[in-house]
There are 2 protein chains.
Amino acid sequence: MDEPLRDTRTLVIQLRDRIADLIRDEGLNPGDKLPTEAQLTQRFKISRPALREALKLLEQDSIIYVEHGRGRFVSAMSAVQVDRPITVFESVTDMARHYGYATANKVLSVAEEAPDATTAEQLRLQPGERVIRLERLRLHKDEPILYCVDFIPRSIIPLRLYDVDWTGSLLDLLDQHRSRPRMSAAIVSAVMLPDDVVERNDLRDFGPALLIRETCFNAAGLPVVYALDYHRGSHFSFSLARK
Amino acid sequence: MDEPLRDTRTLVIQLRDRIADLIRDEGLNPGDKLPTEAQLTQRFKISRPALREALKLLEQDSIIYVEHGRGRFVSAMSAVQVDRPITVFESVTDMARHYGYATANKVLSVAEEAPDATTAEQLRLQPGERVIRLERLRLHKDEPILYCVDFIPRSIIPLRLYDVDWTGSLLDLLDQHRSRPRMSAAIVSAVMLPDDVVERNDLRDFGPALLIRETCFNAAGLPVVYALDYHRGSHFSFSLARK
DNA sequence: TGTTGTCAGTTGTCTTACAACATTAAGGAG
DNA sequence: CTCCTTAATGTTGTAAGACAACTGACAACA
């Protein structure tokens with residue numbers, strides 16, 4: 001139990017969210033005028049600088065826009081917000097669950113090996129450093145929907161490979177080794193599964209896959225995983241806002 | 001010529017960018033301490049509220065983070081910035097050019113028709129409203145790399161279809177009708193080209209495609225295009241940051 | 001009729017002050 | 001000497017007030 005009684009977020013962040021709520025709840029449409037700074041400071045009983053910082057944040061997110069001397073207005077972008085965009089970092093397990101897939105996790109292989117050039121570069125490995133290569137398949141109702149390969153620097157998980165349970169969430173596992181990924185740089189593309197993977201695992205009907213190659217970083221900015229996630233095209237699609 | 005002499009951006013926005021530059025130029029690494037607010041106000045000769053708004057913006061972008069009573073620090077995320085993320089809205093033409101593809105634009109068909117249910121919903125059409133359906137293929141060195149279908153409300157371009165040059169940038173065309181798209185809500189997935197498209201246009205070797213379905217909105221928040229862009233998997237991959 | 005001046009409303013910026021939190025060093029008790 | 005307490009200092013969080021700059025509307029004027 002560590003649910004704080006009072007909101008520990010800074011005043012400005014609370015304000016930002018309350019104003020965003022206000023826009024939604026009042027049913028304000030693009031172009032509608034927001035209350036003035038004077039009105040908002042009175043309403044929320046806060047100082048003008050605090051209010052302005054909150055408004056600036058909403059402005060940066062294109063929720064609102066300003067016209068000097070006229071006021072603040074609801075931006076068109078406020079209507080174009082996407083519920084669960086691909087740009088939010090989360091584990092593959094959580095992502096799949098959100099899509100309604102209760103995935104069974106099958107470990108195809110796990111081994112220690114020398115990294116290839118790409119992996120070594122992405123994980124910023126020293127010469128000679130080795131990686132754990134984890135190859136998994138996720139099934140939904142006995143149907144394969146995700147083929148994943150993860151590369152983890154050996155130094156992060158110094159245990160014997162067969163002492164580790166690889167079927168759970170990789171993020172949780174890394175969390176236990178103080179290396180929970182917090183963010184990533186990702187590249188998405190459309191591909192077919194590699195031939196050898198298809199043949200070894202009987203995945204002839206997998207069809208086109210959305211490949212996400214991502215290098216995941218922990219809170220300190222160090223790369224902890226290089227992941228290749230092949231999302232079965234017939235089962236996954238990701239949303240995002242562009243502006 | 002309407003090039004303003006002085007920077008018309010607000011002080012805060014200029015500050016935000018200058019501080020971001022400062023982090024890059026000084027070669028500050030994740031975890032490194034930024035100058036204090038007092039030092040920065042002196043350095044840039046600006047007030048503390050203005051500075052704090054700028055810093056708050058960088059904080060929202062995860063470029064920096066704050067610890068109350070200790071100072072501001074460079075976030076790990078600052079190193080994970082992606083050069084040209086998919087989340088930035090731009091025309092397909094510009095996007096392709098950036099990838100080094102000088103595309104020839106082939107119009108396969110253009111017609112006025114009744115929208116299907118999805119299109120009508122995405123474009124918020126009234127019953128009976130009609131759309132222009134524009135079907136195009138983009139070639140790079142005689143190789144097809146992009147198959148696009150665009151739906152535009154008929155009311156936006158009320159000209160006779162054969163009076164319009166459809167080979168150019170659709171964004172520029174809409175711009176001329178005061179409906180330039182500024183942002184979009186997009187869904188990406190991996191698919192094969194529809195069978196009928198493959199057959200009609202001899203695209204058997206196109207392979208897997210990255211499909212981006214996006215509804216584009218103008219500055220006022222009105223939908224102006226519903227676009228289906230099939231990016232040939234072997235030629236395109238998009239980057240983004242997740243956090 | 002068209003231009004200019006004035007005023008109120010709104011956002012942009014600055015100054016000053018104090019509160020809250022973190023770190024460090026000094027001092028005292030054992 | 002070691003450990004704890006306490007105070008001092010540095011840093012960010014929040015508040016209040018003031019003036020500048022911009023917009024829009026209307027009155028005054030030529």
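Because only heavy atoms are used, hydrogens play no part in the values below, and waters and symmetry mates are left out as well, while side chains stay in. Quick note on labels: first sequence line is chain A, next is B, and so on, each numbered from 1.
The side-chain heavy atoms of A/Ile23 and A/Ile64, taken from C-beta on, include a pair separated by under 4.5 Å. With contacts defined as side-chain heavy-atom distances shorter than 4.5 Å, the pair A/Glu53/A/Leu15 does not qualify. Residues A/Leu58 and A/Arg72 form no side-chain contact, since every pair of their non-hydrogen atoms from C-beta on lies 4.5 Å or further apart. You'll find the side chain of A/Glu37 stays beyond 4.5 Å of the side chain of A/Leu40, heavy atoms only.
Across every non-hydrogen atom of B/Leu146 and B/Cys148, the tightest pair is CD2-SG, 3.9 Å.
Rounded to whole Å, atom C1' of D/dT11 lies 15 Å from atom OH of B/Tyr65. Distance B/Leu51 CG to D/dT12 C1': 11 Å, rounded to the nearest Å. Spacing between atom CG of B/Leu11 and atom C1' of D/dA21 amounts to 13 Å, rounded to whole angstrom units. In this structure, B/Leu55 places its CG atom 13 Å from C1' of D/dT11, rounding to the nearest Å. Computed from coordinates, the A/Arg52 CZ to C/dT10 P distance equals 14 Å when rounded to whole Å.
Applying the salt bridge (charged side-chain N to carboxylate O under 4.0 Å, His left out) test to B/Glu90 and every residue at least two apart in sequence or in another chain returns B/Arg84. For B/Arg180, the salt bridge (charged side-chain N to carboxylate O under 4.0 Å, His left out) partners two or more places apart in sequence, or in a different chain, are B/Asp172, B/Asp175.
Looking at residues 15-34 of chain B, you'll see that no heavy atom sits under 4.0 Å from any atom of DNA chain D. Within residues 36-47 of chain B, the residues that place at least one heavy atom under 4.0 Å from DNA chain D are, in residue-number order, B/Thr36, B/Glu37.
Taking OG of A/Ser189 as the start and NE2 of B/His231 as the end, the distance is 12.5 Å to the nearest 0.5 Å.
Aromatic ring pairs are classed by plane angle as parallel below 30°, tilted from 30° to 60° and perpendicular above 60°; the pair B/Tyr65 and B/Phe73 is parallel. The aromatic rings of A/Tyr226 and A/Phe151 sit parallel to each other, their planes meeting at less than 30°, with 60° as the upper class boundary.
Remark: B/Arg70 is not in phosphate contact with D/dT12, judged by side-chain N or O atoms under 4.0 Å from OP1 or OP2.
Backbone-only engagement by B/Arg72 is indicated by non-hydrogen atom pairs under 4.0 Å involving sugar-phosphate atoms exclusively.
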Can you tabulate the close N/O pairs, meaning under 3.5 Å, that link protein atoms to atoms of nucleotides 16-20 of chain C?
| from | atom 1 | to | atom 2 | distance (Å) |
| --- | --- | --- | --- | --- |
| C/dA17 | N6 | B/Arg48 | NH1 | 3.2 |
| C/dA20 | N3 | B/His68 | NE2 | 3.2 |

Identify every side-chain donor-acceptor pair in residues 123-131 of chain B under 3.5 Å, counting partners at least two apart or on other chains, and give the distances.
| from | atom 1 | to | atom 2 | distance (Å) |
| --- | --- | --- | --- | --- |
| B/Glu129 | OE1 | B/Gln126 | N | 2.9 |
| B/Arg130 | NE | B/Glu112 | OE2 | 2.9 |

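When each of A/Glu67 and A/Val12 is assigned the nucleotide of DNA chain D bearing its nearest heavy atom, the one mapping closer to the 5' terminus is A/Val12.
Checking C/dC14, D/dA15, C/dA22 against the side-chain heavy atoms of B/Ala50 singles out C/dC14 as nearest.
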